[in-house]
Amino acid sequence: MTHENSSPLHDWEETENERSSEPAYRVQLEGFEGPLDLLLHLIKKEQVSIYDIPIARITEQYLQHLCLMQEMNLAVASDFLVLAATLIYIKSKMLLPRDPASDTPVEDDPRRELVDRLLEYQKFKAAAEVLWSRAEMEQGVFVRGPLPTDDHNPEVSATAFDLFNAFQRALERRKEILQVEIARDEITMAEKLDQIRELLSSSDRIEVDELFERAGSRREMVITFLALLELVRQTFLRLVQQIAYGRIYALRVVPNLIPKS
Amino acid sequence: MTEDLRQLKAIIEALIFVADEPISAPQLAAVLADHDRDLVVTAVSELVEEFNARQSGLEIRLIAGGYRLSTRPEFHEQIRTYLRSRPSAKLPLASLETLAVVAYKQPITLPEIQELRGVSSVSSIRTLLERGLIVPRGRKQVVGRPIMYGTSKDFLIQFGLADLSDLPSMEDFEELVAG
């Protein structure tokens, strides 16, 4: 389980599904974005200065929290354990007396690195909050409704993700069609590459979905997918999409328009 | 001359209205190629100023380097009632945190992001890529050649930013955190 999605709602939804084996009640834990987030929370709760963290106390609290998380059947991610180890290391270092005979200058505070990380992390946490409120504000802003001509405007490049999604959609559709006849056609990668090249020499663009549909078997669909990636790599074609999640088209790249980069 | 300017402003207003994405000054100048370029630039800035001074239900804002006509945020309730729409699901906070790191530190690699956040960030990077908020920006020339990420134009549009410098500076956060 990743702790990335550990919003309270998400956890609740998960437990809902496996309710039969779970106790009848559920305590909700505040969702922490990660170990640094938890540490900041503890520092705030204990009302101590971030520049002068009472390591022993905070370490104890931190470990207690991890135990609590385990009791709650939440998987404690390794990131939390790494920080626990760091805290214990700092604590032990602070307990050791400084060597009076040492001629090296007074050593840095062992907490220093951690404090720096916390301060840096805190800034980005604040930045995330600013983004959150900006997004909220922008959700209240509306632009004119779509016009039929909008699709004529500059295309956005489709990403490998979009292509993969289109591939998956085609696979899904295929599942719905019950196939009785099992005919294995042995089209090779080279043949598929030629086929697409040929299609693109007769028309300037083809719909990617159509290419997948044309494929006779699952295997051919996979070859189509790989052939498309290969042709993009060779800059023979580019994949464009007019709207997010929209149809993807393969366009022939005009050789002299290939950017140098 | 003044007559020309007035008409130019009217044309630009119409163009900003029909554009489905923020339209930039060079794009406007390209459409209005038979007009003096400097005059177009003057017309744009005068139009924006005059239009927004009207305090009407609409405003022209500079977003992602272009001009966009939109409603004012304060009327969102009435507009939603009419459109019968609800605000769409927001990004999870983990993704926003990752987005903030990318926005301020771009181009940045996944290991660098994880180092900063102290937590695995693979799934939030995936969410952000899927939503088109970040894009790959080549590979870093270090061992393993990890992919570097940066924010996209869509990021600026969705967060209503003129450009990246429109984000509050990191120094502002330092004060905020210290204070």
Side-chain angles (χ1 to χ4, degrees), chain A residues 2-7 10 31-39 50 77-80 82-83 86 117-132 134-147 149-154 156-157 159-162 165 244-245 261, chain B residues 17-21 59 61 68-77 79-80 83 87-88 90-101 103-105 114-124 126 129-132 135-136 153-154 157-161 167-168 170 172-174 176-177:
Chain A
T2 58
H3 42 277
E4 283 253 291
N5 300 321
S6 61
S7 72
H10 184 86
F32 293 104
E33 299 307 330
L36 294 176
D37 200 22
L38 171 57
L39 197 55
I50 196 165
S78 55
D79 306 298
F80 283 90
V82 171
L83 188 63
T86 309
R117 274 188 76 190
L118 277 174
L119 288 173
E120 185 77 352
Y121 172 71
Q122 216 177 11
K123 280 190 288 182
F124 287 100
K125 200 170 138 76
E129 275 159 28
V130 167
L131 286 182
W132 191 85
R134 275 212 87 114
E136 179 138 283
M137 178 88 142
E138 287 307 307
Q139 284 204 330
V141 170
F142 296 82
V143 293
R144 67 150 172 81
L147 294 177
T149 50
D150 285 354
D151 282 354
H152 299 183
N153 281 323
V156 224
S157 296
T159 65
F161 285 107
D162 299 320
N165 283 340
Y245 310 113
S261 69
Chain B
F17 168 71
V18 293
D20 71 326
E21 274 209 335
E59 62 184 355
R61 283 167 63 197
R68 191 183 71 181
L69 184 68
S70 65
T71 63
R72 281 186 192 277
E74 48 263 53
F75 309 126
H76 70 101
E77 254 174 65
I79 295 169
R80 279 195 199 291
L83 292 175
S88 51
K90 266 196 215 72
L91 281 173
L93 203 59
S95 300
L96 273 178
E97 214 176 88
T98 306
L99 185 59
V101 174
Y104 282 98
K105 295 270 181 176
Q114 294 181 153
E115 169 65 27
L116 223 153
R117 293 188 58 219
V119 74
S120 159
S121 307
V122 180
S123 74
S124 47
R126 195 178 301 136
L129 280 170
E130 277 168 5
R131 298 232 189 165
V135 284
K153 186 179 173 186
D154 250 18
I157 294 177
Q158 283 190 36
F159 288 86
L161 301 163
L167 282 168
M170 264 291 129
D172 292 342
F173 290 120
E174 256 155 53
L176 199 78
V177 167

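So you know, we letter chains A, B, ... as the sequences are listed, proteins then strands, and number each from 1.
Enclosure of atom CZ in B:Phe17 is not indicated, since only 12 or fewer non-hydrogen atoms of other residues, nucleotides or ligands lie within 6.0 angstrom. Other residues, nucleotides and ligands contribute at most 12 non-hydrogen atoms within 6.0 Å of the CD atom of B:Glu77. For B:Met170, the CE atom counts as densely surrounded, since its 6.0 Å shell holds more than 12 non-hydrogen atoms of other residues, nucleotides or ligands.
Taking each heavy atom of B:Thr71 and A:Gly140 in turn, the nearest pair found is OG1-O, 4.0 Å. Closest of all the heavy-atom pairs between B:Phe159 and A:Leu131 is CE2-O, 3.3 Å. Residues B:Gly118 and A:Asp79 approach most closely at O-CB, 3.6 Å, considering heavy atoms.
Here the straight-line distance linking atom CZ of A:Phe142 with atom CD1 of B:Ile79 works out to 5.5 Å at 0.5 Å rounding. Considering CG of B:Leu116 and NZ of A:Lys123, their distance stands at 9.0 Å, rounded to 0.5 Å. With values rounded to the nearest 0.5 angstrom, A:Arg144 atom CZ is found 11.5 Å from B:Arg68 atom CZ. Distance check: B:Glu97 CD to A:Glu129 CD gives 9.0 Å after rounding to the nearest 0.5 Å. Distance check, rounded to the nearest 0.5 Å: NE2 of B:His76 to CD of A:Gln139 gives 10.5 Å.
Among the candidates B:Gln158, B:Arg80, B:Arg131, the residue making the largest number of heavy-atom pairs closer than 4.5 Å to chain A is B:Arg80. Of the listed residues (B:Gly132, B:Pro168, B:Pro136, B:Ala100), the one with the most heavy-atom contacts under 4.5 Å to chain A is B:Ala100.
Only the side chain of B:Lys105 has a heavy atom closer than 4.5 Å to any heavy atom of chain A. Proximity to chain A is limited to the backbone of B:Leu69, based on heavy atoms less than 4.5 angstrom apart.
Distance alone, capped at 3.5 Å, places no donor-acceptor pair between the B:Arg117 side chain and the A:Leu36 backbone.
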